[in-house]
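Below: the structure, in structure tokens.
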Amino acid sequence: MGFTRHVVCAMSGGVDSSVAALLLKRRGYSVTGVFMKNWDSLDESGVCTTEKDCEDAYRVCQTLDIPFHQVSYVKEYWHEVFSNLLKEYERGWTPNPDILCNKQIKFNHFHKYAVTTLGADALATGHYARTSQEDEEVFQQTHTPPPTALFRNRFEIRNPVRLFMGADCVKDQTFFLSQVSQEALRQTLFPLAGLTKEYVKKIAAEAGFHHVLKKKESMGICFIGTRNFEKFILEYLEAKPGNFVSIEDGTVLGQHKGWFTLTLGQRARIGGLRDACFVVDKDVTTGDVFVAPTTNHPALFRDTIRTDRFHWMTVDPPPEIIRTKMMECHFRFFHQMPLTPCTVTLNMDGSVWISLSQPVRALTPGQYAVLYKGDECLGSGKIIQLGPSEHTLQQGRERLLTAAQQKETPEPAS
């Protein structure tokens with residue numbers, strides 16, 4: 001009789017993770033479902049949504065006749081995700097909690113719990129993504145601690161696992177996995193890799209998972225839910241009123257409660273103004289938030305950004321960029337954004353400059369620049385610096401033109 005592989009499946013109480021657990025069981029694995037609690041949350045009506053999700057996950061595990069566990073990472077989430085978020089909001093940035101949660105919680109603490117505490121041979125999630133490994137290769141992986149030296153042993157034989165888009169291009173979630181460690185990726189199965197969302201729903205309906213099919217798809221930041229963002233963030237950060245200032249003529253148009261309640265590109269609600277204004281920049285030293293009169297104003301468009309130290313999924317940067325310090329690929333900075341061609345330049349400190357083939361609207365510090373080569377997700381880096389906006393460049397060109405014209409104008413004879 002053959003040895004049965006043990007897979008721990010992260011269960012959210014949603015349709016994707018429920019079908020992932022079902023498919024794993026059908027493949028003959030010994031499956032354990034685990035629900036992670038990361039936040040103590042009440043919705044607007046005072047109902048704890050986490051408890052409802054946990055109950056839904058438990059019902060699926062009962063239907064599948066597999067063991068169910070619940071584990072709490074509320075403390076870890078607070079210290080390693082949420083506290084960092086608050087610091088970044090205060091800096092005037094707009095962080096991405098989903099990418100950070102996958103990196104720090106699901107594919108770090110939870111991965112270790114699955115392998116060491118529950119004795120799993122592999123971890124599985126309901127993400128729409130795939131890797132370069134077949135299932136059997138995942139089970140052959142052994143724990144390899146990350147290198148302690150600055151450089152790896154040049155004679156070490158390396159065959160890194162690569163991350164690729166799932167079959168459903170619309171639902172593809174590699175964007176959210178772009179900071180996951182190579183160690184965790186090597187030990188992870190993605191049962192939904194080759195499936196579309198519609199087909200996953202069909203499997204769920206046939207399996208009788210009607211209670212999870214009825215649920216709305218979770219969108220937005222998990223711990224905020226349906227609440228107003230400004231109201232939520234002001235529970236944790238002290239209000240710092242400042243001015244809304246016109247980027248075009250410096251006129252003060254109104255007041256806001258804090259630059260951290262606003263993000264680049266969003267509509268600014270300014271009382272007494274007939275036309276809409278949109279946030280184009282922030283100055284955290286003065287508290288000024290600069291706005292422009294149209295949603296596609298040149299002040300919102302830029303074509304150059306710099307990231308912090310870039311996280312390559314394969315640990316080492318691609319050979320092409322090591323060799324020439326430059327590489328052509330594609331870029332996005334939010335989920336489902338159309339991929340934009342770009343040129344990437346690798347800096348000595350591991351950060352990268354990204355030059356886009358065309359200006360992109362509302363590039364935002366704190367968000368992640370995720371790179372792709374074909375359908376492979378290469379990794380990501382946090383955006384920490386923006387190049388000049390089209391508006392700034394336009395003003396510069398106009399000043400140069402004016403200066404040149406003044407030089408050409410002959411001085412009147414005395």
Item to complete: Any salt bridge (Lys or Arg N to Asp or Glu O under 4.0 Å) involving residues 99-109? Give me the pairs, sequence neighbours left out, ordered by first then second residue.
Response: none

Response to the item:
Residues pairing under salt bridge (Lys or Arg N to Asp or Glu O under 4.0 Å) where one sits in residues 352-380, two or more places apart or in two chains, turn out to be R130-D375, R162-E376, E320-K373

For [X], enumerate each residue passing the side chain to side chain donor-acceptor pair (under 3.5 Å) test, keeping only those at least two apart in sequence or located in another chain.
X: K87; result: none
X: S18; result: none
X: N296; result: none
X: Q104; result: none

Sequence neighbours excluded and cut-off under 3.5 Å, please list the side-chain donor-acceptor pairs for residues 267-275, or say none.
none

Please output the side-chain donor-acceptor pairs of residues 238-255 that fall under 3.5 Å, not counting sequence neighbours, one pair per line with the distance.
residue, atom, partner, partner atom, Å
S246, OG, E248, N, 3.1
S246, OG, D249, N, 3.3
S246, OG, D249, OD1, 3.1
E248, OE2, H297, NE2, 2.9
D249, OD1, T251, N, 3.0
D249, OD1, T251, OG1, 2.7
D249, OD2, T251, OG1, 3.2

Sequence neighbours left out, what passes ring pair (Phe, Tyr, Trp, His ring centres under 6.0 Å) with [X]? Give chain and number order.
X: Y29; answer: F139
X: F164; answer: none
X: F175; answer: none

Worksheet, complete the sentence: Quick note, ring pair (Phe, Tyr, Trp, His ring centres under 6.0 Å) partners involving residues 333-390, not counting sequence neighbours, are F176-H335

Worksheet item: Between F82 and Y236, is the gap from one ring center to the other below 6.0 Å?
Response: yes

